[in-house]
Student: 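What follows is a single structure, and I will ask about it in a moment.
Nothing here was measured: the structure is a model prediction, and the numbers come from that model.
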Amino acid sequence: MDRKSISTLMRCAWQTVTDIVARVVVEQLDDARLDGLVNLGVDEIGYRRGHQYLTIVADHDSGKVVWVSKGKDSAALTRFFDVLGPERCAQVRAVSMDMGRAYNKAVVDRLPDAAICLDAFHLIKWTNEAMDSVFRAHSRGQSAKQWRKDRYLLRAGAEKLSVDQHQLLLELSRKHRQVGRAHELKESLRALFREVEPHDARRYLSAWIAAAARSRLVPFVLLARRVRTHLEGIIATVELGFSNSRLEGINAKIRLINARAYGHHSVDSLTAMIYLVLGGITIKLPTET
């Protein structure tokens with residue numbers, strides 16, 4: 001429930017509810033939650049206008065939030081590693097994150113033996129943007145309705161298209177060979193996460209980078225360079241089967257926590273609610289034995 005409803009039900013001030021939540025979190029949030037962490041996920045979430053962010057660290061295996069810190073830079077994640085300590089840091093096997101550079105340095109410096117798994121969602125997003133650039137260059141003069149139909153055919157996964165839609169896509173590819181080539185590159189990169197065996201990921205991705213670089217499609221040539229920069233992290237994602245989808249789900253719950261309170265008056269108040277709801281805290285009632 002939101003704090004306003006609880007304060008109305010219990011006939012007390014909402015600030016009293018906030019203070020109680022903070023005290024419960026201090027009492028119940030055990031340092032033992034940081035023991036045995038092997039697979040971590042890291043992401044940032046905006047909680048207030050003006051570029052106000054929190055860094056969220058979660059345990060991939062349990063799905064629990066184990067750390068919340070203000071900011072979204074390397075320093076925010078380094079504070080977590082300071083609390084975790086050298087012995088527990090040495091136990092971490094893999095860390096999933098998006099493809100920004102904010103957290104990469106902290107992980108490399110403090111977890112040199114851990115694999116960095118870069119989220120596939122952002123890679124496919126880059127690929128769709130590259131394909132859109134090629135499509136826009138060859139779709140001038142189309143009606144808005146036809147443009148939307150063609151763009152859907154190109155953006156949708158091949159497995160989602162009907163037989164008739166596949167035929168329309170084939171005709172579009174024949175009419176605009178560069179657009180067809182862009183779609184082919186997009187689908188072959190998607191196959192990396194759907195069809196390619198983990199042991200074959202490096203060979204497959206290296207071949208894709210070479211094909212994109214030779215395509216003479218400027219957006220895909222540039223994308224090939226970006227992919228080459230993140231090669232090891234992408235391969236680790238395929239080999240270990242990790243993604244940041246668990247963190248995206250956690251972020252959705254945090255947005256709900258913030259929205260139902262119509263925003264929190266302080267970052268400490270929001271942090272306490274995140275730990276209370278998502279940190280694995282279980283309150284044992286006095287009537288329970």
Student: Taking only residues at least two apart or on different chains, which pairs with a member in residues 67-92 satisfy ring-ring contact (aromatic ring centres under 6.0 Å, His included)?
Tutor: Trp67-Phe80
Student: Of all residues at least two apart in sequence or in a different chain, which pass the side chain to side chain contact (heavy atoms under 4.5 Å, CB included) check with Thr8?
Tutor: Lys4
Student: Apart from Leu240 itself, what residues make up its hydrophobic cluster when side-chain heavy atoms of I, L, V, M, F, W and Y under 4.5 Å apart count as a link, directly or indirectly?
Tutor: Phe242
Student: Can you name the residues that form a side chain to side chain contact (heavy atoms under 4.5 Å, CB included) with Asp59, not counting sequence neighbours?
Tutor: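 Expected list: Leu37, Asp61, Ser62, Val66.
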Student: Can you pull out every salt bridge (charged side-chain N to carboxylate O under 4.0 Å, His left out) where at least one residue sits in residues 117-138? Sequence neighbours excluded, please.
Tutor: Asp132-Arg151, Asp132-Arg155
Student: For Arg228, which residues count as a side chain to side chain contact (heavy atoms under 4.5 Å, CB included) partner, sequence neighbours excluded?
Tutor: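 Partners of Arg228 by the side chain to side chain contact (heavy atoms under 4.5 Å, CB included) criterion, ordered by chain and then number, come out as Ile209, Arg225.
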Student: Listed by chain and number, what are the side chain to side chain contact (heavy atoms under 4.5 Å, CB included) partners of Glu184, not counting sequence neighbours?
Tutor: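 Partners of Glu184 under the side chain to side chain contact (heavy atoms under 4.5 Å, CB included) test: Arg181.
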Student: Under the ring-ring contact (aromatic ring centres under 6.0 Å, His included) definition, can you give me all pairs with a residue in residues 82-106, not counting sequence neighbours?
Tutor: none
Student: Could you give the side-chain donor-acceptor pairs of residues 159-170 under 3.5 Å, partners two or more places apart or in another chain?
Tutor:
from	atom 1	to	atom 2	distance (Å)
Glu159	OE1	Arg190	NH1	3.3
Glu159	OE2	Arg190	NH2	3.0
Ser162	OG	Gln165	N	3.2
Ser162	OG	Gln165	OE1	3.4
Gln165	OE1	Ser162	N	2.9
His166	NE2	Ala158	O	3.0

Student: What pairs meet the ring-ring contact (aromatic ring centres under 6.0 Å, His included) rule with one or both residues in residues 198-240, with sequence neighbours excluded?
Tutor: Trp126-His230
Student: Tell me every residue that passes ring pair (Phe, Tyr, Trp, His ring centres under 6.0 Å) with Phe135, counting only those two or more places apart in sequence or in another chain.
Tutor: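 Ring pair (Phe, Tyr, Trp, His ring centres under 6.0 Å) list for Phe135, sorted by chain: Trp147.
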Student: Would you list the pairs meeting ring-ring contact (aromatic ring centres under 6.0 Å, His included) in which at least one residue belongs to residues 5-24, sequence neighbours left out?
Tutor: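 Qualifying pairs, neighbours excluded: Trp14-His265.
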